[in-house]
Amino acid sequence: METIRRDLAAKIVGQKIISVKVLDKKLGSAKLTRILFGNKIILADRIGKLLIFELADNNFLLIHLKMTGQLVYTDGDEVIAGGHPFKKGSVLDKVGGKLPSKHTRLHLKFAPSKKDDEGNLFFNDIRRFGYVKIASIKELELIKNDYGIEPLKKDFTLENLKKNLLNRGVSIKAALLDQKKVSGIGNIYADEILFAAGIKPSRPAKSLKAKELEKIYLEAERIIAKAIKHRGTTFSDYVDGQGNEGGFVRFLKVYGRGGEACFECGRTIKKSRVAGRGTHFCPFCQK
DNA sequence: AAGATTGTTGCTTA
DNA sequence: TTAAGCAACAATCT
């Protein structure tokens, strides 16, 4: 999400919206159109996995991609008119490289600038779990209250992590995935962080020794920073703001590797279910 | 054809 | 009150 935010910030901040097409009734067309049309995006922000675009009229455009959402920005009319040949094998290539596709839920057009052609932002979402909505500053503050400390942000300190996790009876994996306590960590990174820290995902959070929690703290920051550096992790549907896939996949050590050999000890990576999610770990390296 | 899937919420059960 | 498990949201892929 941070990769997407950065890419889009460079493209749409300062841009005026000249067309709003809501292609999925579920999103509620009237309010989106009323607020967005003629408005301008003045800031691209993010909290956890929620994208927050500040608008010139003090409203905010919130976008959550959930499992299968995509945001794709294009310049140039060839995309709209004829179908731009996207990178071979990419997710966009799979839908024929044409946008809007049958999974496009929202299509925004931006006023052409001197430098660029008319811009297009497409919100595509196969499973329709994601959402796009308008929030006032007050509504946004309420939403922000539901997000816990986040790796690489200022309040992500060892003390705060202890306070949020160490008294809890839930598994450490469930605790890391709980966005109210720690935000921004999803299923893939939770597994990777716990492998790097040498902790079994099913361990109750409150069973962790101070040293173990410190390891999780350090690995969470290291892995999230590294993932951002490599533009995130693509599994099957995530793409960045230009429709490219993330580069962190090749660094995954356990996620998606059930049945394969552990890179550290050579034993078999196990896949089980913890906190209701597919969970990958090395029974030997993780205690 | 059953079971899996990157996120989150809310219900039921214990 | 807490936590685990599950369904729901919905579409696709293996």
Side-chain angles (χ1 to χ4, degrees), chain A residues 1-5 23-28 46-51 62-72 89-96 101-105 123-133 142-148 150 164-194 201-207 223-224 227-228 230-240 244-259 270-280:
Chain A
M1 291 311 303
E2 177 58 16
T3 300
I4 293 168
R5 186 198 67 77
L23 303 160
D24 183 351
K25 286 200 280 274
K26 192 180 165 182
L27 297 178
R46 176 190 57 78
I47 182 166
K49 300 166 201 162
L50 179 66
L51 289 170
L62 309 184
I63 302 183
H64 202 305
L65 299 182
K66 297 281 182 90
M67 310 269 273
T68 52
Q70 306 172 337
L71 281 172
V72 176
S90 75
V91 172
L92 291 176
D93 189 50
K94 287 176 202 161
V95 297
S101 74
K102 67 169 172 170
H103 300 306
T104 301
R105 312 300 173 190
F123 168 57
N124 308 324
D125 188 9
I126 294 174
R127 288 173 72 180
R128 300 167 72 208
F129 288 0
Y131 65 79
V132 175
K133 67 179 184 185
L142 289 177
I143 290 167
K144 281 187 171 178
N145 287 341
D146 285 336
Y147 284 83
E150 180 176 325
N164 287 3
L165 299 191
L166 227 41
N167 56 343
R168 306 193 66 205
V170 291
S171 65
I172 182 61
K173 167 138 179 180
L176 287 176
L177 289 176
D178 184 345
Q179 305 293 306
K180 293 181 185 65
K181 304 291 178 183
V182 181
S183 64
I185 296 177
N187 199 34
I188 296 175
Y189 295 125
D191 281 4
E192 294 299 315
I193 289 164
L194 290 171
S202 56
R203 285 266 304 277
K206 64 181 170 195
S207 77
I223 286 175
I224 297 295
I228 289 172
H230 292 278
R231 305 182 55 77
T233 305
T234 298
F235 229 66
S236 65
D237 293 295
Y238 280 5
V239 287
D240 65 24
N244 296 311
E245 304 190 356
F248 193 71
V249 188
R250 64 196 171 93
F251 296 103
L252 296 177
K253 297 205 168 132
V254 286
Y255 189 86
R257 297 197 65 247
K270 289 279 183 292
K271 185 180 177 194
S272 70
R273 197 154 282 269
V274 176
R277 313 299 304 278
T279 297
H280 314 71

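Chain letters run A, B, ... following the sequence lines, proteins first, then strands; residues in each count from 1.
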Using whole Å, what does the distance between atom [atom2] of nucleotide [N] and atom [atom1] of [X] come to?
X: A:Arg127; N: B:dT6; atom1: CZ; atom2: P; result: 9 Å
X: A:Leu62; N: B:dT8; atom1: CG; atom2: C1'; result: 15 Å
X: A:Arg46; N: B:dG7; atom1: CZ; atom2: P; result: 14 Å
X: A:His64; N: B:dT8; atom1: NE2; atom2: P; result: 4 Å
X: A:Ile188; N: B:dT5; atom1: CD1; atom2: C1'; result: 10 Å
X: A:Asp178; N: B:dT8; atom1: CG; atom2: P; result: 10 Å
X: A:Leu51; N: B:dT8; atom1: CG; atom2: P; result: 12 Å
X: A:Met67; N: B:dT5; atom1: CE; atom2: C1'; result: 5 Å

Please report the shortest heavy-atom distance between [X] and [Y], naming the atom on each side.
X: A:Arg105; Y: A:Lys102; answer: NH1-O, 4.0 Å
X: A:Leu165; Y: A:Ala205; answer: O-CB, 3.3 Å
X: A:Arg5; Y: A:Leu51; answer: CB-CD2, 3.6 Å
X: A:His280; Y: A:Arg257; answer: CD2-N, 4.1 Å
X: A:Gly130; Y: A:Phe123; answer: C-CZ, 4.2 Å

Where protein sits on nucleotides 9-14 of chain B, one letter per nucleotide: B base, S sugar-phosphate only, - none, heavy atoms under 4.0 Å: S-----
Taking atom [atom1] in both [N] and [M], compute the distance separating them and give it to the nearest angstrom.
N: C:dC9; M: B:dA1; atom1: P; answer: 23 Å
N: C:dC6; M: B:dG3; atom1: C1'; answer: 16 Å
N: B:dG10; M: C:dA10; atom1: P; answer: 16 Å
N: B:dT8; M: C:dT12; atom1: P; answer: 22 Å
N: C:dA7; M: B:dA4; atom1: P; answer: 11 Å

Main-chain N/O of [Y] paired with [X] side-chain donor or acceptor, under 3.5 Å:
X: A:Asp191; Y: A:Tyr255; result: no
X: A:Lys49; Y: A:Ile185; result: yes
X: A:Lys144; Y: A:Ile47; result: no
X: A:Glu150; Y: A:Gly148; result: no

On the nucleotide B:dG7, are OP1 or OP2 found under 4.0 Å from the side-chain N or O atoms that A:Arg277 carries? yes
Check every strand shown and say whether A:Gly186 touches a base, only sugar-phosphate, or nothing at a heavy-atom separation below 4.0 Å. sugar-phosphate
Looking for any heavy atom pair under 4.0 Å, which part of the strands does A:Gly130 touch: base, sugar-phosphate only, or nothing? nothing
Would you please indicate yes or no on a ring centroid separation below 6.0 angstrom for A:Phe248 and A:Tyr189? yes
Point-to-point distance, once rounded to the nearest 0.5 Å, from CG of A:Leu71 to CG of A:Asp125: 9.5 Å
A:Met1 CE to A:Leu65 CG distance, which is reported to the nearest 0.5 Å: 4.0 Å
First and last nucleotide of DNA chain C touching chain A, 5' to 3', heavy-atom cut-off 4.0 Å? C:dA3 to C:dT12
Would you write out the dot-bracket form of DNA chain B, 5' to 3', with Watson-Crick and G-U pairs under 3.5 Å, [ ] for crossing pairs, | for pairs to other strands and . for unpaired bases? .||||.||||||||
